[in-house]
Structures are given as C-alpha cells and as structure tokens.
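Shown next, in structure tokens, is the structure this report addresses.
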There are 2 protein chains.
Amino acid sequence: MKKIGSAFPLATFDRPLVTVDVVIFALRNDTLTVLLVRRPADPQDPFPGQWALPGGFVDVQQDSSLLACAVRKLKAKTGVTTPYLEQLGSWGDESRDPRGWSTTHAYFALIQAPEVDAQTPAPSLESQWFPADDALRKRLAFDHRQILSAAVARLRSKVEYTSLPAFLLREPFTLPQLQKTYEVVLGRAMDKSAFRKRMLDANFLEESGMTDGVQGRVAMSYRIKDRELPTTFPRMFKSGE
Amino acid sequence: MKKIGSAFPLATFDRPLVTVDVVIFALRNDTLTVLLVRRPADPQDPFPGQWALPGGFVDVQQDSSLLACAVRKLKAKTGVTTPYLEQLGSWGDESRDPRGWSTTHAYFALIQAPEVDAQTPAPSLESQWFPADDALRKRLAFDHRQILSAAVARLRSKVEYTSLPAFLLREPFTLPQLQKTYEVVLGRAMDKSAFRKRMLDANFLEESGMTDGVQGRVAMSYRIKDRELPTTFPRMFKSGE
DNA sequence: TAAATAGTGTCTGTAAGACAGTATACT
DNA sequence: AGTATACTGTCTTACAGACACTATTTA
C-alpha cells in the first residue's frame, strides 16, 4: 500500500473511507429546516438520486483538518462563513457505504436563513431546505437518517438549557423573536415572563436600540455579546430529559 | 488505488489513516485515574517510548464498527467487557501523526477499578494507571493530551448533572461511597443532605441490603436500576457552567 | 461512654411557571 | 377608542445549599 507524507513505514492495512457530513439548520418561515442535497443520478454512485446530508470525502490535499473540511463544505453549499458549528459525532462501520468500510465525521451548523435575493447558492434541484420533521421521515442515503436524528435530538436537548437558538436569528433581534425561535425548535409554547427573566438574567445579550415595529408597541432589540459560544442556563426549561 | 469490498468505483483520493483511542477512567485509591500505554521504543514508530492513550488503527477485517473497535481495545487492555462507554468526539488533521493525514475516533470509558489479584491484564511497563491530573500534565504522543483534556472536561461537566460517577463503583455501594466519588471527580466537598436528597429523588438506585460496616453505623447499599444510561438531574450541582 | 459513621429536619435562596396586569405603538 | 404587541409584577413550586440535629454501630 502506498505511503503518504513521511518516511514512517505503515502497516499494510486497508484504510476505511473518510468523509465529513454537515447538518445545516436554519429558520425559514417560522420552521426549523435542514439542507439536503441530492445524490448524483449516476447508477455507478451509491444511493443515486436520493436525498442526503451535504458532505463528502476529506480531501487530504485541500483540507488541513476535519473542521476545515466541514467549513469548506458548508461554505460551498450556503456561502456562509461564520456559522455556529459544532461536532456532532462520528459514525463508521463496514456496511454504511456500499463502497466499503467507511467513516463519517458529522458536524452541525446553525445559520441565519439566507436572504432570498442574495447571491448565495440558491436552493436548486440538487439542494433544498426541508422542515426538520419532514426530513426526519424521509429515506436518506447512507445512515444519514440516523445522523440527522441525532442532530435534531442534540439540538432540541441543548435548546432546553442553552442560548443556541440565538444563532439562528439575524442580529439584532427582539426577545419575542427569540422566544418564537425557542418555541419553533422545541415545538411547544413557553411562558413570556419566565422566558424574558431567564434570557436577561443570563446576561449574554446587549441592547441594540428599538425596532421600528410594524404594528403594536416597539420592542427592544438585542445582539449576542459573545458569538463564540452559547450560554448555559442554570436549569433546564422543563424538568427531566 | 485499491478498491475494497464492492464494484463501486472510487475516486482516487488518498485516504487518511483511521484510528480509535479510548480514555479509560477508573477510581483507584480515592483518585480518578486514567490508563496510559507506552508507545513502542522502535524509532521507526512515531513518538517512540512516549505515553499515549490506548488505541490504534481500525482493523477493517476484524472490527465491524468504530464502537466494536473501541470495545475490542478496551477489553485487550483491561479485560473489561461491560463498561460505560460513550463517544467523546473525533480529531483529524494533516499534522497530528507524522505518518500522514490521520483521524481518530475517541471514546471514553468508566470502569470499576480492577480487583488487584484478578487475572486481568496487569499494569506493566507498557501500561499504567495515572491520576488524571498527573496525566494531564504529561507530554503525550500525538494530540492525546488534548483528547485527554477534553475527556476530563466532559466527565467533570457531566458529573455536575448526571449519575455518571456511579459507573466507577462496584455494586452494591453506599451513598457515602457515591458521594466520595463525586467529590473525588470534581475535586470539592459536597453537602451530605443535599447530595442524598438529590440521589434518592432521582430514583435511579434500588436498595440492596445493609453493608457490614467496618466501623460506625451500617449503611444502606444500592444498585443502579438501569445500567444502560446515566440519569440526568434537574439542575446542576453548582450554578454556572 | 466516646468516637465514628449514617442519616434527617429545617431554613434559606434562586430560578422557573402560571397568570394577571400595565405600557406603548398603530389604525 | 380599540387592537395588537411589548413588557412587568406577584404568587407559587421545585430543588440545591447550609447546618444543626438524631441514629446506630464498634472500641
């Protein structure tokens, strides 16, 4: 077997395939949506024509790390360069890819819904946003359904005790908008007073002037103080897991 | 490049190396310890003679999945077959292994400290338990220091709101023993009354008769109701992250 | 009886939830 | 004025922490 990059001898093991997949979440139409791409129709490819998570092989020439690879794939599909991006986990076994023993490193990204008329890669025949719950019910290529399911579960779980949903909104945003986002992600209504106390006490937002409300009272708008990482609240929203 | 396992054609990419590493925690002498192994002394190998996490290449003939590979490596080093085992994350870049672009899938395991005189693989020159805090200060092979650091951080973080430390004890155990375990892992003392209320209210323990105490009042002993997964408490022990 | 360990009771503080109320905008 | 939206206040509940107390064992 071929050696790469150094004088160290390598055991002659077969190497698994190494891929990276990205679960990209955005809020569209007051719905949590994920981006799926269509596999090539070529019957030589595995799962031809099926929906899959955006992703693919690590390119050892181009990608300096797994994270860099995920960033590259995210940018290629959405144009977004500064998302919230966290590692979800890895999957690997002998049967998930018909081409052989294969591994994937899954990431999940939260992005602001693209402006409809920006010159970002538009949704197309090969790439489309689906409501998360619809996507979960689809038959997806590889084990992507399982990965997507883990991503949605992780997101919903973290939303119970972190400020993650703020990364789905374009800044500045109002507290009612943020509450709506929590409600959409979790699929249940929340109490306004408790919600506001919690967000403001957590001290991760800074005021950013009044909105020019379309109707009704104008609201205070906010920005995230530190976009690097989400804030953890001292308790869960709803007791239990 | 060689094709494996099927008729699907593969792009001729160089494939990264694929390894699995396991961070194995046990309680020894009222101290949180991790198992490290020595790299072979052969200068042909990377990091000869240095301490590293137990792990190595995925063997596509032998391992049907990443998890199976982690289980195999854990068993080889400790003889333990039913640990608490969870995926920690994956690391991969062009420079972590001098042999080339390499990835590792890291797992972390909580096991009961091996009986000293059982016929399990004994600690040896090539394999030794170190207090977690000492191990963190060592120079380790590859990026294993970073991985170990992530494992300790994850463990300490989850201990704040889950029943994880129970997996470090041999059953049955008493509440004072469990409390001691929490204190050892977190490095701080906890209030007895609050601790007991929390554990008993969480309802993940079942009574298992009285201990024959060596001195002092005999204590109720407990077993874990469901060893499959840890229980999540409704709040953190200490507010904040 | 003293020492050691196990276990309980009571009070306080914090933050979430329920829900009713007030404030400010537009029509 | 009426409606829609933003925001506040008050009461209750859940649970962690502090700390003093009681209970049961051995020496």
Side-chain angles (χ1 to χ4, degrees), chain A residues 30 157-163 165 169 172-183 186-222 231-241, chain B residues 30 157-163 165 169 172-183 186-222 231-241:
Chain A
D30 285 343
S157 153
K158 289 190 97 162
V159 164
E160 295 283 355
Y161 59 92
T162 69
S163 63
L169 290 173
F173 49 80
T174 67
L175 285 181
Q177 283 171 343
L178 185 57
Q179 181 173 350
K180 179 74 187 171
T181 305
Y182 272 86
E183 291 174 339
L186 290 176
R188 67 169 195 269
M190 316 195 67
D191 179 79
K192 192 173 27 168
S193 173
F195 182 85
R196 299 177 63 90
K197 268 184 290 186
R198 181 171 179 146
M199 293 303 141
L200 295 177
D201 288 356
N203 197 37
F204 71 102
L205 295 174
E206 58 190 6
E207 300 192 346
S208 173
M210 306 303 280
T211 48
D212 45 336
V214 188
Q215 62 181 335
R217 178 173 171 177
V218 298
M220 176 58 70
S221 71
Y222 297 86
T231 299
T232 301
F233 304 127
R235 301 199 202 160
M236 303 234 178
F237 267 111
K238 195 176 134 176
S239 181
E241 198 188 7
Chain B
D30 284 344
S157 153
K158 289 190 96 162
V159 164
E160 296 282 357
Y161 59 93
T162 70
S163 64
L169 289 173
F173 50 80
T174 67
L175 285 181
Q177 284 171 344
L178 185 58
Q179 181 174 350
K180 179 76 187 169
T181 306
Y182 272 86
E183 292 175 339
L186 291 176
R188 68 169 194 267
M190 317 196 66
D191 180 80
K192 191 171 32 167
S193 174
F195 183 84
R196 298 176 64 90
K197 269 184 290 184
R198 183 172 177 144
M199 294 302 142
L200 295 176
D201 288 356
N203 197 37
F204 71 102
L205 295 173
E206 59 191 5
E207 300 192 346
S208 174
M210 305 304 279
T211 48
D212 44 337
V214 188
Q215 62 182 335
R217 178 171 171 180
V218 299
M220 176 59 71
S221 70
Y222 298 87
T231 299
T232 301
F233 304 126
R235 300 200 203 161
M236 304 232 178
F237 268 110
K238 195 175 135 177
S239 182
E241 196 186 5

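Below, read A as the first sequence line, B as the second, and so on, with proteins coming before strands; counting in each chain starts at 1.
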Base, sugar-phosphate alone, or nothing: which one does [X] contact when heavy atoms must sit under 4.0 Å apart?
{"X": "B/Ala219", "answer": "sugar-phosphate"}
{"X": "B/Ser193", "answer": "base"}
{"X": "A/Met190", "answer": "nothing"}

Just how far, in rounded Å, is [atom2] of [N] from [atom1] of [X]?
{"X": "B/Phe173", "N": "C/dA6", "atom1": "CZ", "atom2": "P", "answer": "14 Å"}
{"X": "B/Met199", "N": "D/dC15", "atom1": "CE", "atom2": "P", "answer": "14 Å"}
{"X": "A/Gln179", "N": "D/dA6", "atom1": "CD", "atom2": "P", "answer": "10 Å"}
{"X": "A/Asn203", "N": "C/dA15", "atom1": "CG", "atom2": "P", "answer": "12 Å"}
{"X": "B/Leu200", "N": "C/dG9", "atom1": "CG", "atom2": "P", "answer": "12 Å"}
{"X": "B/Asp191", "N": "C/dT8", "atom1": "CG", "atom2": "P", "answer": "13 Å"}
{"X": "B/Asp201", "N": "D/dA14", "atom1": "CG", "atom2": "P", "answer": "11 Å"}
{"X": "A/Tyr161", "N": "C/dT14", "atom1": "OH", "atom2": "C1'", "answer": "21 Å"}

**Request:** Return the 5'-most residue of the pair B/Phe233, A/Thr174 with respect to DNA chain D, ranking by each residue's nearest nucleotide.
**Result:**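 First, find each residue's nearest nucleotide; the 5'-ward one identifies A/Thr174.
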[atom1]/[X] to [atom2]/[Y] distance, rounded to the nearest 0.5 angstrom?
{"X": "A/Thr174", "Y": "A/Tyr222", "atom1": "OG1", "atom2": "OH", "value": "9.0 Å"}
{"X": "A/Gln177", "Y": "A/Thr211", "atom1": "CD", "atom2": "OG1", "value": "7.5 Å"}
{"X": "B/Arg198", "Y": "B/Asp191", "atom1": "CZ", "atom2": "CG", "value": "12.0 Å"}

**Request:** Please report how far the helix from C/dT1-D/dA27 to C/dT27-D/dA1 bends, comparing the axis fitted to its first five pairs with the axis fitted to its last five, to the nearest 10 degrees.
**Result:**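 Here the local axes at opposite ends form an angle of 10°.
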**A/Glu183: side chain to side chain donor-acceptor pair (under 3.5 Å) partners, not counting sequence neighbours** =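 Side chain to side chain donor-acceptor pair (under 3.5 Å) check on A/Glu183 returns A/Gln179.
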**Message:** Testing B/Lys180, B/Lys192, B/Arg196 one by one against B/Leu175 for a side-chain contact (heavy atoms from CB on, under 4.5 Å), which residue passes?
**Reply:**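 Exactly one option meets the side-chain contact (heavy atoms from CB on, under 4.5 Å) with B/Leu175, and it is B/Arg196.
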**Asked** Does any donor-acceptor pair link the side chain of A/Arg196 with the base of D/dT8 at a separation under 3.5 Å?
**Response**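 It does not, because no donor-acceptor pair links the side chain of A/Arg196 to the base of D/dT8 below 3.5 Å.
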**Request:** From the options C/dA16, C/dG7, D/dA16, select the nucleotide whose nearest atom is closest to the side chain of B/Leu175.
**Result:**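 Taking heavy atoms from C-beta onward, the closest nucleotide is C/dG7.
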**Message:** Counting only side-chain heavy atoms from C-beta out, which of C/dC19, D/dG17, C/dT14 sits nearest to B/Lys197?
**Reply:**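 When the side chain of B/Lys197 is considered, D/dG17 is the closest of C/dC19, D/dG17, C/dT14.
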**Prompt:** So, for A/Arg235 and A/Tyr161, which heavy atoms are closest and what is the spacing to 0.1 Å?
**Reply:**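 In terms of heavy atoms, the two residues are closest at O-CB, 4.0 Å.
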**Residues in side chain to side chain contact (heavy atoms under 4.5 Å, CB included) contact with A/Gln215, at least two apart in sequence or another chain** =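 Expected list: none.
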**Request:** For B/Ser208, check side chain to side chain contact (heavy atoms under 4.5 Å, CB included) against everything at least two apart and list the hits.
**Result:**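 B/Pro172, B/Ser221, B/Arg223.
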**Message:** At under 4.0 Å between heavy atoms, how does the protein contact nucleotides 21-27 of chain D? Give one character per nucleotide, 5' to 3', with B, S or -.
**Reply:** --BBBS-
**Message:** Check whether A/Ser163 reaches the backbone of A/Thr231 with its side chain - one donor and one acceptor, N or O, closer than 3.5 Å.
**Reply:**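 Present.
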**Request:** Return each pair, listed once, that meets ring pair (Phe, Tyr, Trp, His ring centres under 6.0 Å) where at least one residue sits in residues 189-215 of chain B; pairs must be two or more places apart or across chains.
**Result:**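 Ring pair (Phe, Tyr, Trp, His ring centres under 6.0 Å) check on residues 189-215 of chain B returns B/Tyr182-B/Phe195.
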